[in-house]
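Letters A, B, ... mirror the listed sequences (proteins, then strands); counts begin at 1.
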Amino acid sequence: MIRVRFAPSPTGFLHIGGLRTALYNYLFARHNDGKFLIRIEDTDRTRMVPGAVEKLFEILKWCGLNNDEEPVIQSKRLDVYKKYVEELLEKDSAYRCFCTSERLEEMRKLQIAKKQPPKYDGLCLKLSKDDSEKLSKEKPFTVRMKMPQEEIKFIDIIRGEIKFHGSLIDDQIILKSDGYPTYHLANVVDDHLMEISHVIRGEEWLSSTPKHVILYRYFGWMPPQFAHLPLLLNPDKSKLSKRQSDVAVEDYREKGYLHEALLNYIALLGWSTEDSQQIFEINELIKKFTLERCGKSGAIFDAQKLLWMNGEYIRKMPVEELARRSSPFLQKAGFDIKNFEFLKKCISLEHDKIKLLSDVPHLIDFFLKNDIIYDEKAVNKVLKKDGVNKILTDIAGIYSKIENFTAKAIENETRKYAEVNLLKTSQIFHPVRVAVSGRTEGPSLFDMIETLGKDRVLSRLRNVIGGKNG
RNA sequence: GCCGCUAUCGUCUAGCCUGGUUUAGGACGCCGCCCUCUCAAGGCGGAGACCGUGGGUUCAAAUCCCACUAGCGGCACCA
């Protein structure tokens, strides 16, 4: 049975790199008819952020990455970890350390100054079992695991065999003096207890994997299979960070990205098919995803490509749904949409121009408000030309006589006027467009005019003729 | 500093395992043309990678081997 987990630490928001890890775990589980679980790694009390866990679940739900079992919360399992630490202590695979943070700090500084690798000097290792026992009742202490002085090997599904030498690895603290476990211990214990078959996580964990392998050995447990995903990078190739890019998934939601597009784009950062297919809906991703086809090198997060992909998804989306999903953005922009059918009509006219849901308000605002803002450049370039006023006056007269105010009829009448007066159609179309919408770019002219409606079109034309625009 | 990972167009990548079918393929972006009432969308085309460098092996190497270099990651009572 394939069982995987996404194990974030709740530090405020879900990082886009975390989302990618979650997605790959999810895809791997679904592809193999396995289970996708979530574990909250909240063992650092100094980094507790109120509400972070709730936010995390909320955003994961928005993405549609649903977990199959009740989430495991590490901070509620202190007694479990304590028990396993005791076991290690008893087996002599770990020892208590009474050194103060100050001493440790000093030692590290000295080692770095001497260009030695920073590593615990093993002072408390020399304590006898009885002394250690006795001292533990008087002084605060941490527990360290003993690193064996030998080569440690493991297989990474993505990278193949990885070797580290134990002598270079520190006697890692597994239990802090506040009674909380550190990542390494909690992670190994929980992965075992949750019967995790595959650990799929970011590359930053590669160098601590030997510690985990040793812990499995000490407990006598079968380790899971490991797969370390390449990192997501800033444009300067450093690890994707807040400083250089938007890294919170919620930022992308707020900017008007679709979760489908975000997931699709992110899936391609470190994974691909042989034919370099770009657009995948989630079921197709599930069907085609394998760890064997994951890459090894870090991938720069390209916001431009994501934007393109979002546009692709929006273009494919039925107007009905697009209107529904843009509604929050319209409301936020101050539009009260009472008439959903009218909204759909407006959106359909601009459909293939929309790249973000947040583009919608601006793109259709001249349909929704009465007092439109005239773009200064458009006015100067198009409306302030000789003869424009006469053309618009004539057009207003013609439009006012059209009984059946449809795009077809409006177009026929407009073209007829051009022909009779020996004008190029563009000499009419452009001024009318600006007069009616306030700008030079917009939907197909006659559809736009029809949708706007006769009254509004005439009143806008007359306003312009009367010189009432900016 | 030490340890580890990685290395194909600006970016994401295919191809590498199982050498020749590769004048190294696709996608984003960029440029041009077409369509056209504008902006998009769409269609067509183009520029863009001597496959990190240097050595081998071989009739033949992006593909196999070695060395080097560069970039990144890790080296906490953080995860």
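- Distance, A:Ile40 CD1 to B:C78 P: 19 Å, rounded to whole Å.
- Mapped onto RNA chain B by nearest heavy atom, A:Leu168 and A:Gly298 fall at different nucleotides, with A:Leu168 at the one closer to the 5' end.
- Within the 4.0 angstrom heavy-atom criterion, base atoms lie near A:Lys305.
- At whole-Å resolution of the value, CG in A:Leu231 and C1' in B:G4 are 13 Å apart.
- Here A:Ser272 lies in heavy-atom contact (under 4.0 Å) with sugar-phosphate atoms only.
- Among the atoms of the strands shown, base atoms are found under 4.0 Å from some heavy atom of A:Pro443.
- For B:A49, there is no paired nucleotide, since no Watson-Crick or G-U wobble pair has both relevant distances below 3.5 Å.
- The base of B:C77 does not come close enough to the side chain of A:Thr142 for any donor and acceptor atom to sit less than 3.5 Å apart.
- Using modelled atom types and a 3.5 Å distance limit, the side chains of A:Thr440 and A:Asp375 yield no donor-acceptor pair.
- Checked by distance alone, A:Ser207 brings no side-chain donor or acceptor within 3.5 Å of a matching partner on the base of B:C3.
- Under the Watson-Crick and G-U wobble criteria, each requiring two contacts below 3.5 Å, nucleotide B:G42 is paired to B:C34.
- For A:Tyr374 and A:Phe366, the ring centers are positioned 6.0 Å apart or more.
- When Watson-Crick and G-U wobble pairs are counted only if both distances are under 3.5 Å, B:G1 pairs with B:C75.
- With ring centers used as reference points, A:Tyr313 lies 6.0 Å or more from A:His259.
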